[in-house]
Student: 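Encoded as structure tokens, here's the structure I'll be asking about.
The sequence lines fix the lettering, A, B, ..., with proteins before strands; numbering per chain opens at 1. All heavy atoms count here, side chains included; hydrogens, waters and symmetry mates do not.
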Amino acid sequence: MSEHSISVTVNGTQHELTVEPRTLLVSALRDELGYTGANVGCETGRCGACTVRENGETIKSCTRLAVQADGAEIETVEGLADDGDLSALQERFQEHHGLQCGYCTPGMLMSADTFLRENDDPSREEIREAIEGNLCRCTGYQNIVDAIEATADQLGEQR
Amino acid sequence: MSDADADGPTETVGEVRADGGSSDDSGGAFGSAIERGEDVPLLTGSGEYTDDISLRGTTHLAIRRSEHAHARIEGVDTSDAEAIDGVIAVFTGEDVVESGVPNTIPTAWDLPGLVQPQYRMLATDKVRHEGTAVAAVVAETRHAAHDAIEHVSVEYEPLEHVTDPVEAVERDVPPVHEEAEDNVAFDFELGDADATDEAFADADRVASVDLRQPRIIPNAMEPRAALADWEEATGKLRLWMTSQNPHLHRMLLSAGTLGLPENKIQVIAPEVGGGFGSKIYHYPDEAVTAWCSMQLGRPVKWQATRSESYLTDCHGRDHVTTGEIALDDDGTIRGVRVETHAGLGAQLSQFGTATPSYLYATVLSGQYTIPAIHCRVVGAFTNTTPVDAYRGAGRAEGIYVIERLVDVGARELEMDPAELRRRNLVQPDEFPYESAAALVYDSGEYERAMDLALEHVDYDALRERQRELRDEGRYLGIGIGNFIESAGLSPSGLAGDLGAQAGGWESSIVRFDSTGSVTVLAGTADQGQGHRTTYAQVAAEELGVSVDDVTVVEGDTDRIPQGMGTYGSRSASVGGGSIARGAREVREKARRIAAHQLEASVDDIEFDEGEFHVAGAPDRSLHIQTIAHEAYLGHDLPEGMDPGLEETNFYDPENFTYPFGTHVAVVEVEPETGEIEIERYVAVDDCGEIINPMIVEGQVHGGIAQGIGAALYEGAAYDDEGHLRTRRMDEYAVPHATQLPDFETDNTVTPSPHNPIGVKGVGESATIAATPTVVSAVADALEPFGVEHLDMPITPESVWRATEGDR
Ligand code: FES
Ligand code: FES
């Protein structure tokens, strides 16, 4: 099978790699580059565990081919903390017990982080809609909503 | 914990607090809502799940599965698959047989008269359900392995299939297994049939309900996975896998499947992304992964796709039941009679036999004094994915039946369902309470929890509002779910009497090192429950050290010598109980060292927040962490004492624990569209002493979500060909964030009198409670339409159909 050379920037670091045309972005990130934060729950775009940001927009990285990400800026959960300091969102997830097994968490954080950039004063309903594409089997979502709401409040106070 | 309650909270039995959670006002480790130690790696993406781990030279396994529900295997041709680039080997069932390993996937629970057919790693004669493993391809890459399984050609002679447990037994179909011609694996009875018949004959009224509890697919977000590494030189197998019970997996793999001694198998459960029962079992797939590594001498990794999970993770429930309740006009329950056909799937999974028998029939008394109970369960083989314990396992099915019966009984008597419940509750002074379904309940204040739940919703006002709204043509429903759970599996002797092939104890090691830090090695295994935090709280409390000084290690059979694992809401009570007992032994050894070095008698040494001091002389003291150092120096220990400060504990509980509570759901149903809106959901849980209220609440939230899921959204279905129709995430409705309301939670605290730390456990409670609560609420809303019961999942369509004639 033919291989393609691509270049992607992940959390600010540029990587050159060769991939098969059918290699999914999530596999390239996990298996080729070692960013194992994004998880695979379904490979059909339904669970959101593989959510990352591509050029500022959240995408489900199991629905993207790696070759499509050639030249893109990718952000993953590994890039959320700043030099070991958790982001406000990550801290609120811990404080509000917004995770149990943690499998959905990387995707959930990426969706929530992006959402809060677009809507800094959301209602609980809006938060629930924003994470509708991220399934969590453990938490029942309420604590996740609490964590996102608390982050929005905190960011609001800082403005 | 100070010396005063060194024997556990026995003396506080009967005391009930409704304090919204925290069971310890002192701000000590036990009872505090401290943040979880496990979170940071999971929040930053550095936590390692099985598929995140790779070894040098790792190869990839893909499994060819049958597309038939029932067929004879006529031949398997692997040559095309072998020719594919990157393929290392293709194995069939015959290859496994020829390798000479024992090759059985054993059942862990026997029942009288149980038919136990052969269950092999890869099928050789027949496939008995869609998804049966037929061949294994190992390749250099995952892509190549998945490509190649398509090129394994299997010749089948299709057979007639059956997917319904009643049809399997009653219709004339080719048997799933030749050994069970009528497809009956077991015919189980519990209770007193004659006494029950008499109660029914004497009672004023009888009400009944026919119900189905559909198959639930657990849907842990992380699909199952395994990475096996066989080291030829030492004859040792290392196996990382998505396991809720690595030691049990070690045991089952050892003798029955691979023929290796236990000490040559290391099972490691790294981060595990949810389980809910589905990662308890010994499946063929993980065993095949290990076997392939043994054949090839290379690391082999298998990662299930989501479709494979739907087809092969054990499903839960699958009951078809007729239940009857006998009542007197004053609301006294006289008896309960239940007959159930339980689908077991095509093979007996580990607890597939225990779940619909002992774990089910024994809770049919619920929270009520019921003098006569009889239950019969026919366990049926069907051409479907094996069924086993899913969160609530058996208890969920049983409580669903009794709570539905109480509701239809209330309807029959035209009595308020809360009132009928109240009249029959087991009273606090009746504990220990021996039910007619063969359990001895440890402790409870059922009415207190029920009252609290009803207060939260302002029950009387709510009923008033319901009447008013009905006049406006709006349909509000109030559902009440009272539950008990038999948690903390299990007293070993009792389990053995009932057929278990393993003990029910738990084991731990509590170890101080010479610098005063503590390591707790626990035999349970976390999949999100937060054991590393709660266990640290238990140990810190007993030892008087800070939670930060305690490191908890789980999930590695080479580091933790023995264990039973995490299932049946057992970790806090049995695992935590073991840790508390081990820590107390450590503390007592430290006390003897303290007495020796302080030159006082042991009886004069008091212990308070980590400090041993001589009674009446508080400045003559030594901290337990200093003593830890002394214990390893060994320079100055009491005569005859061995150095070191650690204890290995095995804790075998004397009984189950019995968490309980009342949940209330308020729904509005729109008959025109069938839409159901959950307006409020209140959960009052009593799980005994609470180690960490934040984590308890999290367990309750997650449990409710799964219970609501079962009531309104979920359910597996098979088509006429015996193919699973719900095999993708867009076909099986795991609830998402907009489908669930916010939950209101509260607690009462009734300690378990026999558990060392008074806890009862909470892992499954809310799932058990939520399902009947929500169904009850919808049925209550539709009372004006004469609807007594609707089967799950209650969809807009089923509401619409049920009310059709009346609109
Ligand atoms: S793995 Fe990508 S959405 Fe599920
Ligand atoms: S925390 Fe387990 S799936 Fe969300």
Student: Under a 4.5 Å heavy-atom cut-off, does chain A meet the side chain of B:Ile704, its backbone, both or neither?
Tutor: neither
Student: Could you tell me which of B:Gly702, B:Ala737, B:Gly45 has the largest number of non-hydrogen atom pairs under 4.5 Å with chain A?
Tutor: B:Ala737
Student: Considering heavy atoms only, which positions within residues 300-310 of chain B lie below 4.5 Å of chain A?
Tutor: B:Arg306
Student: Sort A:Thr23 into side chain, backbone, both or neither according to what part of it lies under 4.5 angstrom from a heavy atom of chain B.
Tutor: both
Student: Given that the side chain runs from C-beta out, which part of A:Leu80 has a heavy atom under 4.5 Å from chain B: side chain, backbone, both or neither?
Tutor: neither
Student: Find the one option among A:His97, A:Glu43, A:Arg30, A:Gln90 whose heavy-atom pairs under 4.5 Å with chain B are most numerous.
Tutor: A:His97
Student: So, A:Gln94 side chain and B:Val40 main chain: donor-acceptor pair closer than 3.5 Å or not?
Tutor: no
Student: Listed by chain and number, what are the ring-ring contact (aromatic ring centres under 6.0 Å, His included) partners of B:Tyr535, not counting sequence neighbours?
Tutor: B:His531
Student: Name the region of A:Leu86, side chain, backbone, both or neither, that has any atom closer than 4.5 Å to a heavy atom of chain B.
Tutor: side chain
Student: Could you check which of A:Asp31, A:Thr44, A:Ile144, A:Leu99 has the highest count of heavy-atom pairs closer than 4.5 Å to chain B?
Tutor: A:Leu99
Student: Against chain B, label A:Thr139 side chain, backbone, both or neither, depending on which of its atoms sit under 4.5 Å from a heavy atom there.
Tutor: backbone
Student: Find the one option among A:Cys138, A:Ala38, A:Pro106, A:Gly45 whose heavy-atom pairs under 4.5 Å with chain B are most numerous.
Tutor: A:Cys138
Student: Just to verify, which of A:Arg128, A:Glu125, A:Glu129, A:Glu132 counts as forming a side chain to side chain donor-acceptor pair (under 3.5 Å) with B:Thr738?
Tutor: A:Glu132
Student: So for A:Val145, is it side chain, backbone, both, or neither that comes closer than 4.5 Å to the heavy atoms of chain B?
Tutor: neither
Student: Could A:Arg137 and B:Glu714 be called an ion pair, given the rule that one side-chain N must be under 4.0 Å from one carboxylate O?
Tutor: yes
Student: Would you confirm whether A:Tyr141, through its side chain, and B:Pro735, through its main-chain N or O, come within 3.5 Å as a donor-acceptor pair?
Tutor: yes
Student: Please determine, among B:Arg391, B:Glu38, B:His143, the option with the most heavy-atom pairs under 4.5 Å with chain A.
Tutor: B:His143
Student: Where on B:Phe743 is there a heavy atom nearer than 4.5 Å to chain A: the side chain, the backbone, both, or neither?
Tutor: both
Student: Using the rule given for side chain to side chain contact (heavy atoms under 4.5 Å, CB included), can you reason through B:Met694 versus A:Asn143, listing the C-alpha separation, both sets of side-chain angles and the distance that settles it, and then say yes or no?
Tutor: CA-CA 10 Å; B:Met694 179 188 80; A:Asn143 288 348; 5.8 Å; no
Student: Side chain from CB out, backbone as N, CA, C, O: work out which of these in B:Val734 comes under 4.5 Å of a heavy atom of chain A, or both, or neither.
Tutor: both
Student: Is it the side chain or the backbone of B:Glu48 that comes within 4.5 Å of chain A heavy atoms, both, or neither?
Tutor: neither
